[in-house]
Amino acid sequence: MKKSLLWLVVVLLSVSMITVFSLAGCKEEEAAVAEEEEAAVEEEEEVEEEEEIAGTLVFGSWRTEDIDLWNTMNAVFTEKYPNVTIDFQPTKNTEYDAQLTSALETGTGPDIMFLRSFDGGEAVYNAGYLLDITDDVPALDNFPAASINAWATDDGVIYGVPMAGVTHGVYYNTAIFDQYGLTEPATWAEFLDTAQTLKDNGEIAIAQGTNDRWDLYEVMFSGLGANFYGGEASRQALVAGDMKMTDDEFVSAFEAMDELQPFFPDGYEAIDYVGMQQLFGTGQAGMYIGGSWEIATFEGLGLTDIGWFPPPVENAGDTLSYCFHVDFGVGINKDSENLEAAIAYAKWLASPEFAALFMDAVPGFFSYVPGDYTLGNALASKMIDATSGADITIRTTWEKLSAQDPSGNDMMWDAMAGLLTDTYTPEEAATYVQDGLDTWYY
């Protein structure tokens with residue numbers, strides 16, 4: 001009897017527990033089904049919203065060499081937004097700023113546009129042409145502060161999506177280096193010795209021209225000169241007024257750049273930026289002082305014998321001062337007739353999906369979108385690896401010192417061109433820039 005009762009109790013408890021678990025399971029299943037249905041509804045609403053957004057967005061850029069790449073990337077966006085068309089219309093980099101300003105002034109500016117970091121982009125915002133996107137692109141809350149600051153006002157208005165950082169260093173032809181038993185130089189003396197060996201053997205040591213000028217400052221001086229003028233600490237001191245361009249550190253950077261002139265090609269004064277790329281990209285030069293953004297250019301020219309090393313330090317054991325520049329952001333024309341589509345596009349540009357696509361399609365541009373990414377390009381990976389333990393800086397007179405005329409950047413163009421064509425001594429080049437800044441900044 002007791003045994004039978006015990007058995008009954010066990011059976012009843014078992015049934016009870018099964019019932020409880022069954023009820024709980026039912027509730028969990030019901031909740032899961034409800035969540036799936038809710039997610040499906042949200043997805044359907046999102047798809048409907050994406051399909052409702054329509055319009056053509058004219059996209060202004062200074063990257064004429066990336067038309068096919070941007071069209072490929074934009075096709076991923078328009079697959080999601082089938083009624084939006086992205087019309088990528090780049091302008092030559094040296095003409096972009098003037099043409100953009102003119103187009104915006106006449107009401108014919110692009111809907112979305114590349115923006116220079118700091119002073120260049122802020123000038124477009126202050127002129128009243130850019131949309132305040134502070135609240136329109138929530139993902140920006142997770143971006144590194146340093147990247148946001150490059151496209152934001154002092155009081156926190158964000159007017160551009162931070163798109164990419166770029167680095168500066170030296171490309172070299174591995175086949176030519178192997179021919180003469182050369183290895184990557186680590187110090188400035190080794191760099192000069194390498195260039196001399198190439199020259200002595202009848203090679204073009206450095207594919208450099210002075211016809212376009214901008215790269216002389218933005219790539220050569222800011223990239224290679226930072227190791228001589230003291231990197232980020234000296235740049236910050238220059239902005240704060242605690243140092244002058246005529247101080248010994250900056251003059252020594254001009255002196256170092258002047259040491260490279262004997263290794264340029266014959267007639268280098270007439271060689272422009274594209275000509276420099278062609279010289280190196282077709283295997284006619286041993287080295288090329290360039291930016292990370294040029295990886296795709298050289299690969300497009302079919303150059304496979306290519307290596308890269310960071311700017312040589314002045315002395316063995318010195319910390320590398322590495323110019324990792326906040327290169328470009330993307331802003332929205334506040335008078336665009338397709339603001340809804342433009343904002344949707346800006347949100348996409350701030351997504352991990354775009355970041356991965358972008359760094360894969362255009363190696364050498366490094367996204368600021370937080371996330372774990374694998375860089376498939378060996379040169380791009382090496383450039384990122386160089387940041388480890390380095391003193392990270394940006395271009396010398398880019399921040400604040402180019403907000404008015406005469407612009408620090410423009411004067412650096414002139415100073416470097418004058419230096420490398422024997423118009424200025426290193427001291428005179430430094431004085432030219434400092435005298436100009438003294439008229440309005442200091």
Side-chain angles (χ1 to χ4, degrees), residues 60-69 89-100 114 116 120 166-173 195 198-199 203-225 254 257-303 306 308 323 325 327-328 362 364-365 395-398 402 407 409-424 429 432:
S61 162
W62 59 71
R63 293 282 300 176
T64 55
E65 56 268 69
D66 289 343
I67 294 174
D68 291 339
L69 293 172
Q89 294 186 5
T91 303
K92 185 178 178 182
N93 59 346
T94 54
E95 300 171 1
Y96 177 78
D97 295 345
Q99 289 197 20
L100 177 65
F114 271 28
R116 310 284 185 188
V166 294
T167 67
H168 310 73
V170 183
Y171 293 92
Y172 66 96
N173 187 303
L198 292 169
K199 183 178 180 179
E203 303 284 357
I204 296 174
I206 303 174
Q208 181 64 59
T210 58
N211 193 45
D212 272 338
R213 303 184 308 143
W214 66 269
D215 56 297
L216 305 177
Y217 152 61
E218 294 182 20
V219 182
M220 277 188 66
F221 189 91
S222 294
L224 276 60
F254 279 111
M257 299 304 101
D258 201 30
E259 291 180 308
L260 300 180
Q261 182 185 344
F263 305 111
F264 296 168
D266 292 339
Y268 68 87
E269 299 91 342
I271 299 176
D272 62 11
Y273 180 57
V274 173
M276 293 158 46
Q277 292 178 325
Q278 290 289 331
L279 270 179
F280 181 75
T282 54
Q284 300 178 64
M287 294 185 288
Y288 174 85
I289 302 167
S292 58
W293 61 89
E294 294 172 283
I295 292 174
T297 298
F298 296 134
E299 290 179 345
L301 289 170
L303 184 64
I306 184 169
W308 178 91
C323 187
H325 189 68
D327 189 45
F328 74 92
V362 197
F365 285 97
R395 292 174 187 156
T396 320
T397 58
W398 204 265
S402 295
S407 157
N409 289 343
D410 290 347
M411 289 188 291
M412 285 297 297
W413 287 21
D414 295 340
M416 282 293 292
L419 175 76
L420 296 173
T421 55
D422 298 324
T423 302
Y424 293 141
Y432 170 77

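This is a predicted model, so every value here is computed, not measured.
- Put simply, OG1 on T64 and CD on Q89 are 13.5 Å apart, with the number rounded to the nearest 0.5 Å.
- The shortest side-chain heavy-atom distance between S222 and H325 does not fall under the 4.5 Å cut-off.
- Distance check: E65 CD to N93 CG gives 7.0 Å after rounding to the nearest 0.5 Å.
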Q. Please walk me through it: do Q208 and F263 pass side-chain contact (heavy atoms from CB on, under 4.5 Å)?
A. CA-CA 9 Å; Q208 181 64 59; F263 305 111; over 6 Å; no
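- In this structure, the side chain of Y171 engages the main chain of G291 through a donor-acceptor pair within 3.5 Å.
- Classified by interplanar angle (parallel below 30°, tilted 30° to 60°, perpendicular above 60°), the ring pair W62/Y96 is perpendicular.
- Residue M220 holds its CE atom at 4.5 Å from CD1 of I289, rounded to the nearest 0.5 Å.
- Y432 is linked by a ring-ring contact (aromatic ring centres under 6.0 Å, His included) to Y424, counting only residues two or more places apart in sequence or in another chain.
- Side chains of R213 and D414 form a contact here, defined as non-hydrogen atoms less than 4.5 Å apart.
- Contact of the T397 side chain with the Y217 side chain is registered, since non-hydrogen atoms from C-beta on lie closer than 4.5 Å.
- Of the residues Y172, W308, F298, the one that meets the ring pair (Phe, Tyr, Trp, His ring centres under 6.0 Å) test with Y288 is F298.
- Between D422 and Q261 the shortest side-chain heavy-atom distance falls below 4.5 Å.
- The line from CH2 of W293 to CZ of F365 is 7.5 Å long, rounded to the nearest 0.5 Å.
- In terms of modelled atom types and a separation under 3.5 Å, the side chain of D212 and the main chain of Y273 share a donor-acceptor contact.
- The aromatic ring centres of F221 and F254 sit less than 6.0 Å apart.
- A 4.5 Å side-chain heavy-atom check between D66 and P90 finds every atom pair outside the cut-off.
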